[in-house]
Amino acid sequence: MNGFLAELGKHLAQRWVSLLALPGLLFTAFAAVASVLGQRHALDRRRLGHAAGELVSRYDQRPVSAVILAATILLAGTAIGLLARGLGALVERVWLVSGPERLVGGLVRRRLDRWRRAHASARVEARNAVALTEPARPTWIGDRLRAVGVRVHGQYGLDFPFTWPRLWLLLPETGRADLIAARGAMTRASTQGGWGLLYLGLGAWWWPAAPAGVVLLLLARRHGREAVGNLADLTESAVDLYSADLARHLGVDLPSGYVTPALGRQLSERFRKGA
């Protein structure tokens, strides 16, 4: 799934610089407040007002210096926004982690135990709330995306990583746009987590930033789950709707009208080309 996500992410990279500048400026303002107030005077409005007045008086008669300062702040805000995006990529890696047994095995086993207990007691909703297939990742998000490949292979015999690039070429523009939008929502959620990490770090100098960081991380997790669920559903739907068209484009007859597991395995061998 990482390759699949990377392909969709390429369509989004050019849109992000402008979208990161504004929250970057907001963070820069909070950082300036933190530098003035610190922990001992974290909520001292009078001290903050005095510092703001000094700043205005310093640049009031120096328009060139004021413009340079504004440009510097804008560049700093953009740079911080890019840093948040970088931290967001780290958050996304944590969501999708599938590391070695010694690091994540305990988390996977706990999720697997919950899944098996719900499955054994025929509590389908409770089982699916843990994962749609047997858990193999320490996070719900990781398992939800992994389940796409597992379910597609189980239903159609198709090897998803090799099938998807070919299927993508057949999707109508609206279908591609929906998938790109869903991937964008996932990126926004992980970037929100990146901002949460930055605000938590700022909390070391100014404690009111720390609660904001916690809230942002919790919102990022919630929005990330929603975005990934939507992305996974759309991806599976694309396979359901267009896998038969893919087979026909490759000159394969479909007596049953759909891709059977046996045919899917044959197509996957063809796609892999011995890999």
**Any V152 side-chain heavy atom under 4.5 Å of W164 side chain** = no
Practice item. Taking atom CZ of R272 as the centre, report whether more than 12 heavy atoms of other residues, nucleotides or ligands fall under 6.0 Å from it. Key: yes
(request) Would you check if there is a donor-acceptor pair between the side chains of S121 and R117 at a distance under 3.5 Å? (result) no
Cluster membership besides V94, Ile/Leu/Val/Met/Phe/Trp/Tyr side chains within less than 4.5 angstrom, sorted by chain and number, is none
message: Check whether Q39 reaches the backbone of W207 with its side chain - one donor and one acceptor, N or O, closer than 3.5 Å.
response: yes
So do L145 and M186 actually touch side chain to side chain, heavy atoms under 4.5 Å? yes
OG1 (T235) and CZ (R183) are apart, to the nearest 0.5 Å, by 10.5 Å
ask   = Same hydrophobic cluster for W95 and V150, using side-chain heavy-atom links shorter than 4.5 Å among ILVMFWY?
value = no
For H223, I'd like to know if atom NE2 has over 12 heavy atoms of other residues, nucleotides or ligands within 6.0 Å. yes
Margin query: I'd like to know if V148 and W115 are part of one continuous hydrophobic network [Ile/Leu/Val/Met/Phe/Trp/Tyr, side-chain heavy atoms within less than 4.5 Å].
Written below: no
So the side-chain hydrogen bond (donor to acceptor under 3.5 Å, both in side chains) pairs with at least one residue in residues 241-264 (sequence neighbours excluded) are D245-R248
R111 side chain vs V130 backbone, donor-acceptor pair below 3.5 Å: yes
V97 versus R137: any side-chain heavy-atom pair under 4.5 Å?
no
Common cluster, L250/W168, ILVMFWY with side-chain heavy-atom separation under 4.5 Å: yes
Which label fits Y199 and F27: parallel for a plane angle under 30°, tilted from 30 to 60°, or perpendicular past 60°? perpendicular
The single option from L216, L219, L83, L217 that satisfies side chain to side chain contact (heavy atoms under 4.5 Å, CB included) with W195 is L216
